[in-house]
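Worksheet: the structure to be examined is printed underneath.
Numbers here simply count residues along the sequence, with the first being 1. The structure presented is a predicted model; accordingly, all values stated were derived computationally and were not measured. Below, all heavy atoms of this structure are taken into account, side chains as well, without hydrogens, waters or symmetry copies.
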Amino acid sequence: MNDKNSERSIILIVDDNQTNLDVLFELLRNYGFKVLVALDGESAIEQIEYIHPDLILLDIMMPGIDGFETCRRLKADQPTRDIPIIFMSALSDTLDKVKGFQTGAVDYITKPFQHEEVLSRIETHLTIRSLQKKLEEKNAELAHLNQNLEKLVEQKTKQLIDQEKTAIIGRLTQGMVHNLKSPLQVIQTSVDLIETKATKIQEESFSNYTKYILQAVTKINQIMDTLMMKSRKEQKQDLQLVNINDLVQREIQLLEGNLYFKNKIRKKYLFDEEIASLPLNYSYISQVFYNLINNAMDSMWEKKSRELTIVTRQDESKIYMDIADTGCGIAPEDLSKLFDPFYTSKPTKGEEKKEGEPTGTGLGLYTCIELLKPFNGEIAITSNLTKGSVFTVVLPKQQKT
Ligand SMILES: Nc1ncnc2c1ncn2[C@@H]1O[C@H](COP(=O)(O)OP(=O)(O)OP(=O)(O)O)[C@@H](O)[C@H]1O
Ligand SMILES: [Mg+2]
């Protein structure tokens with residue numbers, strides 16, 4: 001028998017029979033329990049309000065409320081419902097036992113008592129109760145840990161989302177800043193030309209250069225607007241019916257400010273004059289166009305014969321803009337990497353490079369995809385290492401407005 005239970009446990013005996021009380025009191029106290037007594041159900045309930053026993057030995061037949069009712073009341077009350085109750089009765093009637101278990105008792109002992117049996121049953125139920133308590137504590141601990149874990153997961157998820165958002169904004173910003181390079185280059189070239197040829201310059205070409213500069217400044221402003229991360233609503237307000245032929249023609253005019261484009265490349269334009277206009281953000285599409293033209297020009301820098309072909313075409317559901325070059329082409333194994341941010345086959349600025357070799361940051365195509373997303377646009381590529389590449393911008397005609 002486990003005497004650890006007896007060292008600290010309080011047992012309440014409820015019995016109207018003084019002799020019984022005395023016998024049990026002696027037995028339990030000698031065994032080491034702290035023993036409380038009550039002569040009827042009501043005074044037992046009253047007493048329990050002050051001191052919670054660890055176990056109750058409850059007589060069934062008593063004056064006033066009987067043992068069953070006492071048990072029912074104790075089981076109905078939250079603070080006392082878990083105290084194990086063992087019924088004591090002279091009756092060994094089966095029906096009574098069933099009723100006892102139904103009211104919530106854990107066990108039954110019959111009078112006259114066998115001391116060893118009484119002690120053994122008390123010990124057993126105290127042990128069960130103490131194990132139950134430990135289990136409840138562990139469960140509570142587990143629930144607490146679980147809650148903490150959920151909170152932690154929630155926090156971590158939020159942190160990750162925030163980080164990802166910041167990273168996207170960072171990448172987009174870099175992409176947009178990257179797009180400022182072209183118009184700034186136009187301004188630089190035009191200003192250089194004005195400066196070096198200031199005296200010889202014809203009035204007509206002078207006004208051409210200033211036109212380039214003004215157009216480039218407009219472009220920079222548009223890019224800066226995108227950079228300011230306008231809200232979706234504001235972006236919607238920027239939608240306008242864009243005719244892709246007009247866009248290409250205007251942008252080519254601006255590109256004439258780039259001497260490499262103007263003098264070193266043969267150009268072929270094939271426009272579908274019937275092409276549908278779409279509600280688009282002009283600045284976004286022109287930035288896409290610029291990136292693709294720049295890539296095409298870069299790809300041909302070492303070639304003797306440089307030809308750029310721009311085609312606009314359409315079918316029932318989409319419009320297409322092909323930008324074809326006779327450049328270095330793309331190896332099939334590299335095709336899947338092109339749209340990854342920072343993927344570039346070019347030396348980065350400051351890195352060692354051949355004279356005239358273009359540099360790259362690897363953000364051009366990534367930015368194009370981001371800029372086409374609001375319009376469900378895509379870029380398709382066909383490329384050949386000897387003939388060059390065709391980059392096709394595909395835009396669905398059905399645009400959500
Ligand atoms: N027309 C093309 N012909 C051959 N390779 C191309 C062409 N367009 C893109 N590429 C390949 O795809 C890579 C990624 O292009 P992307 O425009 O994203 O970056 P980049 O041109 O290298 O640098 P930048 O950020 O200055 O545009 C290029 O480095 C190049 O290897
Ligand atoms: Mg590029």
Side-chain angles (χ1 to χ4, degrees), residues 171-172 175-176 178-179 182 242-249 251-252 255 261 265-301 303 306-346 358 360-400:
R171 289 206 296 262
L172 264 180
M176 299 297 160
H178 159 271
N179 288 345
S182 297
V242 174
N243 179 296
I244 205 85
N245 294 347
D246 295 347
L247 181 142
V248 172
Q249 269 156 358
E251 297 307 319
I252 288 169
L255 272 166
F261 178 86
I265 294 171
R266 252 180 306 134
K267 274 91 61 180
K268 239 167 62 187
Y269 306 119
L270 289 165
F271 295 139
D272 176 346
E273 297 300 334
E274 304 288 305
I275 203 142
S277 298
L278 302 182
L280 302 168
N281 184 314
Y282 187 98
S283 159
Y284 284 19
I285 307 300
S286 78
Q287 287 179 57
V288 171
F289 177 77
Y290 254 85
N291 275 311
L292 297 181
I293 293 286
N294 274 327
N295 282 348
M297 291 198 293
D298 287 353
S299 77
M300 298 188 283
W301 77 281
K303 296 275 171 177
R306 305 186 188 101
E307 188 169 296
L308 179 77
T309 310
I310 302 177
V311 180
T312 62
R313 55 195 172 92
Q314 65 182 335
D315 59 23
E316 292 234 314
S317 57
K318 293 173 183 130
I319 68 166
Y320 304 85
M321 174 173 65
D322 303 308
I323 295 172
D325 61 62
T326 54
C328 59
I330 302 154
E333 65 269 23
D334 291 334
L335 275 174
S336 62
K337 304 178 210 158
L338 301 196
F339 296 101
D340 292 347
F342 301 111
Y343 171 76
T344 181
S345 61
K346 302 163 194 173
T361 57
L363 281 169
L365 288 177
Y366 172 77
T367 313
C368 288
I369 291 299
E370 290 296 318
L371 291 169
L372 286 173
K373 262 185 199 163
F375 316 108
N376 297 312
E378 287 167 9
I379 294 178
I381 308 170
T382 50
S383 189
N384 182 308
L385 284 174
T386 47
K387 287 187 188 150
S389 316
V390 185
F391 279 69
T392 305
V393 176
V394 186
L395 284 160
K397 282 183 177 174
Q398 203 64 48
Q399 290 291 327
K400 286 174 222 113

### Message
With a 4.5 Å cut-off on side-chain heavy atoms, are Ile369 and Leu365 touching?
### Response
no
### Short side-chain to backbone donor-acceptor contact, Gln399 and Phe375, under 3.5 Å
yes
### Message
Going by the rule side-chain contact (heavy atoms from CB on, under 4.5 Å), which residues pair with Glu273 if we only count those two or more places apart in sequence or in a different chain?
### Response
Asn245, Phe271
### Query
Where the side chain of Asn291 meets the backbone of Gln287, is there a donor-acceptor pair that is under 3.5 Å apart?
yes
### Query
Can you tell me how far CG of Leu280 sits from OG of Ser286, rounded to the nearest 0.5 angstrom?
11.0 Å
### Query
Can you check whether Trp301's main-chain N or O pairs, donor with acceptor, with Arg306's side chain at less than 3.5 Å?
yes
### Message
In the structure I gave you, are the side-chain heavy atoms of Leu372 and Leu395 within less than 4.5 Å of one another anywhere?
### Response
yes
### Face-on cation placement of Lys267 at Phe261 ring, 6.0 Å and 45° thresholds
yes
### Message
I'd like to know whether CD of Glu333 has more than 12 heavy-atom contacts from other residues, nucleotides or ligands below 6.0 angstrom.
### Response
yes
### Task
Kindly indicate whether the side chain of Ile285, heavy atoms from C-beta on, has any atom under 4.5 Å from the side chain of Val242.
no
### Query
Side chains of Asn295 and Asp325: closer than 4.5 Å at any heavy-atom pair?
no
### Query
Side chains of Thr312 and Asp272: donor-acceptor distance under 3.5 Å anywhere?
no
### Query
Any side-chain heavy-atom pair from Tyr366 and Leu363 closer than 4.5 angstrom?
yes
### Task
Taking all non-hydrogen atoms of both residues into account, name the closest pair between Ile275 and Arg313 and its distance.
CD1-O, 3.3 Å
### Task
Could I get the full list of side-chain contact (heavy atoms from CB on, under 4.5 Å) partners for Thr309, not counting sequence neighbours?
Lys268, Glu307, Val311, Ala324
### Query
Considering residues at least two apart in sequence or located in another chain, which fulfil the side chain to side chain donor-acceptor pair (under 3.5 Å) criterion with Lys303?
none
### Message
Looking at every non-hydrogen atom in both residues, tell me the closest pair between Pro396 and Val394 and how far apart they are.
### Response
CD-O, 4.1 Å
### Message
Would Leu255 and Phe289 count as a side chain to side chain contact (heavy atoms under 4.5 Å, CB included) here? Give the steps.
### Response
CA-CA 11 Å; Leu255 272 166; Phe289 177 77; 4.1 Å; yes
Quiz: residues 379-388 side-chain donor-acceptor pairs under 3.5 angstrom, not counting sequence neighbours:
unit_1 : atom_1 : unit_2 : atom_2 : d
Ser383 : OG     : Ile330 : N      : 2.8
Ser383 : OG     : Ser389 : OG     : 2.9
Asn384 : OD1    : Thr386 : N      : 2.8
Asn384 : OD1    : Thr386 : OG1    : 2.7
Asn384 : OD1    : Lys387 : N      : 3.2

### Summary
To the nearest 0.5 Å, atom OH of Tyr284 lies from atom CD of Glu370 at 10.5 Å
### Task
Evaluate the side-chain proximity of Leu308 to Met297: yes if any heavy-atom separation is below 4.5 Å, no if none is.
no
#### Entry: Partners meeting side chain to side chain donor-acceptor pair (under 3.5 Å) with Lys397 (sequence neighbours left out)
Gln314
Side-chain donor-acceptor pairs of residues 337-344 under 3.5 Å, sequence neighbours excluded:
unit_1 : atom_1 : unit_2 : atom_2 : d
Lys337 : NZ     : Asp334 : OD1    : 2.9
Thr344 : OG1    : Lys346 : N      : 3.0

### Query
Looking at NZ of Lys318 and OG1 of Thr392, how far apart are the two atoms once the value is rounded to the nearest 0.5 Å?
12.0 Å
